[in-house]
Amino acid sequence: MSELAGEVPDDVEAVRDALIEWYEDDHREFPWRVTEDPYEILVSEVMSQQTQLGRVVEAWNDFLERWPTAADLAEADRADVVGFWTSHSLGYNNRAKYLHEAARQVTEEYDGEFPDTPDELQELMGVGPYTANAVASFAFNNGDAVVDTNVKRVLYRAFDVPDDDAAFEQVAQALMPAGESRVWNNAVMELGGVACEKTPACDGAQCPWREWCHAYETGDFTAPDVPTQPSFEGSRRQMRGKVVSVLKEYDKQALDDLGPRIRVDYAPDGEYGREWLRGLLSDLSDDGLVDVEERDSEGDGEGEVVARLRR
DNA sequence: CTCCAGGGGC
DNA sequence: GCCCCTGGAG
């Protein structure tokens, strides 16, 4: 083990408790979060591989209604399963083929009993490291820390973990309370899904990690999977419109809170940072749309800039 | 030959 | 995210 462990805050316990408490207090209800049936979990994971969760709910319900168990699916005709996939717009029907094959494996090679460790689960067709760990966690509470792009983004921002797979792996592992993969992985992924998306919603989502979060402290919310250049045109005109709509929603915003909501690649000292944002705001101010207020509340000379919509 | 990282395709 | 193929390393 290297210095990488230093990325984890010393009060890990508090960090863990805060997240789990936040998750248990309130979270999105997906049907696969209230089952512990490995087959049902696997179906949800395979469907989720590159389909928006909203669409998956209906497909998942329909699929399980049609083939309630792995044994049922194993007996189905491959063509019917692929047909289902297509008719529900689930994308690459290779995954339907894999799922069918995995069901056959479970019934014929595992005597109908799903294996319960990540290593064994990986033997199933279409089940790689990620899915194996997810099923082990959610069905058997027997997995390791999940590391996907959402988790990487959270760790990168919160604990300043370098953009390096081994580092992410190590920190994620160190953070997870042993034997709690089910609730933990659900909670971390929920965090990445509702509070720490590409555009962060720290306060709005009541992020439980704000007091430890490096990005929250510095205002730099860039992340590995956040495009440096907005894919569409980042024109000044669009940016102005965004400022107004954000201020409409949040009333009053400090520069570093506003910045990341305007551009995901906002970084206080970067090309699109405070300087850029102040220029934008002063234009809007000149046009009578926004009030910009300078203040030195701490009296430390560190003047804070706050913007709000002009009423 | 076996292992594995890297890239493309689905 | 997973599979498969390739190509280099041992």
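Naming: A, B, ... by sequence-line order, numbering from 1 per chain. These figures come from a predicted structure and were not determined experimentally.
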Atom-pair distance (CD on A/Q50; C1' on B/dG8), nearest Å: 15 Å
Check every atom of C/dC3, C/dG1, B/dC10 against the side chain of A/Y130 and return the nucleotide holding the closest atom. C/dG1
Write down the distance between CG (A/N94) and C1' (C/dC5), rounded to a whole number of angstrom. 15 Å
Output the rounded distance in Å from NE2 (A/H100) to P (C/dC3). 17 Å
Would you kindly give the NZ-to-C1' distance between A/K97 and B/dC10, to the nearest whole Å? 9 Å
In whole angstrom, give the distance that lies between atom CD of A/E101 and atom C1' of C/dC3. 13 Å
Send over the distance from A/N93 CG to C/dG1 C1', rounded to a whole Å. 16 Å
Need one value for A/V127: base, sugar-phosphate or nothing, where a base atom within 4.0 Å counts as base even if backbone is also close, heavy atoms only. sugar-phosphate
So, the side chain of A/T131 versus the backbone of A/G128: is there a donor-acceptor pair under 3.5 Å, distance only? no
Find the distance A/Q49:CD to B/dG9:C1' and express it as a whole number of Å. 14 Å
Would you indicate what A/D148 reaches in the nucleic acid, counting non-hydrogen atoms under 4.0 angstrom: base, sugar-phosphate, or nothing? sugar-phosphate
Does A/F84 have its ring centroid less than 6.0 Å away from the ring centroid of A/F63? yes
Could you check, using the six-membered ring where one of them is a Trp, whether A/F159 and A/W209 have ring centers closer than 6.0 angstrom? yes
What is the separation between atom CG on A/L124 and atom C1' on C/dG1, rounded to the nearest whole Å? 15 Å
Short side-chain N/O contact from A/T131 to OP1 or OP2 of C/dC2, under 4.0 Å: yes
Selected nucleotide, minimal atom distance to A/M125 side chain, candidates C/dG1, B/dC10, C/dC3: C/dC3
Would you kindly check if the NZ (Lys) or CZ (Arg) of A/R263 is within the cone defined by 45 degrees around the ring axis of A/Y272 and under 6.0 Å from the six-membered ring centre? yes
